[in-house]
Amino acid sequence: MDWTLIPVLLAMGAAVGFIAGLLGVGGGLTLVPLLTLLFTAEGFPSAHVVHIAVATSTAAMVFTSLSSARAHQRKRAVLWTVVAAMAPGIIIGSLIGPQVASALPTRAFAAVFGAFVWFSATRIFIGTKPVPGRDLPGKPALFGVGAGIGAISSLLGAGGAFISIPYLSRHNVKIHSAVATSAALGVPIAIAATIGFIVAGLRQEGLPPWSAGYVYLPAMAAIVAASVLSAPAGAALAHRWPAVKLRRAFAALLYALGGYMLWKAVRG
């Protein structure tokens with residue numbers, strides 16, 4: 001570990017924490033491209049660099065999501081009945097995703113990540129209007145939706161906001177409640193996926209020192225230290241922003257970061 005990178009990681013964590021609170025994401029869609037860039041520059045093994053970035057982001061997301069969800073709960077915007085219905089499925093899906101990720105080559109993994117991010121950004125930017133009278137389905141359907149969100153999100157090291165926010169909004173959940181509920185859903189995703197990435201990484205050789213499976217602990221610790229302090233500030237701003245501005249800011253961020261991961265897939 002190059003300890004001169006600690007200030008960079010602290011700054012990265014502060015920015016990601018603020019964005020997590022503002023947009024209801026766990027920070028993964030923001031953090032994975034940044035960590036991939038940093039770990040590549042540090043000479044981490046190319047066969048594992050994206051996996052390490054995703055796993056480290058996921059582990060940091062446990063704490064970022066907790067901080068973000070707590071801040072949104074102070075505004076009483078989290079729909080806890082929805083969280084309770086989706087959480088069991090989310091946990092199951094989040095344990096499966098890392099095992100799939102471990103089997104993917106780095107370039108394929110980066111391509112999958114970038115494509116999903118751009119797809120999500122386009123849906124959010126267009127802002128499909130909810131269908132009048134379309135309410136959320138019952139608990140069995142929400143369990144299934146949660147399993148899908150958990151599998152895809154853990155595969156990508158994301159908190160699931162790029163799926164759960166559009167899904168909730170399409171079912172007539174107000175954007176601010178969708179953001180807050182997504183932040184709460186990020187907690188079980190992050191915990192289960194972190195366990196999955198640790199287990200998947202135990203089978204791999206050539207990982208850097210101070211790693212727990214695929215999770216690179218020094219980077220995780222520095223990011224967490226800063227992000228948990230900045231997430232409440234982002235959450236406070238989210239409840240003052242107009243819904244359209246909030247949606248478009250999220251989409252713009254995803255386009256930029258998805259573009260880097262697609263470039264990584266092409267260049268290797």
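The analysis underlying the following values was restricted to heavy atoms, covering all of them including side chains, and did not include hydrogens, waters or symmetry mates. Each residue takes its place number in the sequence, starting with 1.
- Between Val54 and Tyr214 the shortest side-chain heavy-atom distance does not fall below 4.5 Å.
- Between Ile191 and Ile91 there is no side-chain heavy-atom pair separated by less than 4.5 Å.
- Counting heavy atoms from C-beta on, the side chains of Gln73 and Trp80 come closer than 4.5 Å.
- When the side chains of ILVMFWY residues are joined at heavy-atom separations under 4.5 Å, either directly or via intervening members, Trp263 and Leu37 end up in a single hydrophobic cluster.
- The CG atom of Leu168 sits 9.5 Å away from the OG atom of Ser177 when rounded to the nearest 0.5 Å.
- Note that CE of Met220 is 5.0 Å distant from CZ of Phe63, once rounded to the nearest 0.5 Å.
- Remark: the backbone N or O of Ala53 is not paired with any side-chain donor or acceptor of Ser57 at under 3.5 angstrom.
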Give the table of side-chain donor-acceptor pairs shorter than 3.5 Å for residues 10-18, with sequence neighbours excluded, one pair per line with atom names and distance.
none

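- At least one donor-acceptor pair closer than 3.5 Å links the side chain of Thr122 to the backbone N or O of Trp118.
- Between Ala115 and Leu262 the shortest heavy-atom distance is N-CD2, 3.8 Å.
- Nearest approach of Leu207 to Gly201, heavy atoms of both residues: CD1-O, 3.6 Å.
- The hydrophobic cluster containing Leu229 also contains Val187, counting ILVMFWY residues as joined when their side-chain heavy atoms lie under 4.5 angstrom apart, directly or transitively.
- Distance check: Ser154 OG to Ile195 CD1 gives 12.0 Å after rounding to the nearest 0.5 Å.
- A side-chain donor-acceptor contact under 3.5 Å links Thr56 to the backbone of Tyr216.
- When every heavy atom of Ala85 is checked against every heavy atom of Leu142, the shortest pair comes out as CB-CD1, 3.7 Å.
- Looking at heavy atoms from C-beta onward, Ile52 lies out of side-chain contact with Ser211 at the 4.5 angstrom threshold.
- Val82 is listed as a side-chain neighbour of Leu136, based on a closest heavy-atom distance under 4.5 Å.
- Considering only heavy atoms from C-beta on, Leu95 stays 4.5 Å or farther from Val199 through its side chain.
- Looking at His51, its side chain never comes within 3.5 Å of a backbone N or O of Pro98 through a donor-acceptor pair.
- In the hydrophobic clustering of ILVMFWY residues, with side-chain heavy atoms under 4.5 Å counting as a link, Val8 and Ile223 come out together.
- Closest approach of Leu31 and Ala60 over heavy atoms only: CD2-CB, 4.4 Å.
- Note on ring orientation: taking the six-membered ring where Trp is involved, the planes of Tyr167 and His171 are tilted (angle from 30° to 60°).
- Across every non-hydrogen atom of Ala222 and Leu9, the tightest pair is CB-CB, 3.7 Å.
- Across all their heavy atoms, Ser164 and Leu185 have their closest contact at CB-CD1, 4.2 Å.
- No side-chain donor-acceptor contact under 3.5 Å links Ser153 to the backbone of Gly150.
- A distance of 10.5 Å separates OG in Ser227 from CG in Leu66, rounded to the nearest 0.5 Å.
- In terms of the side-chain contact (heavy atoms from CB on, under 4.5 Å) criterion, residue partners of Gln99 (sequence neighbours excluded) are, by chain and number, Ala200, Arg203.
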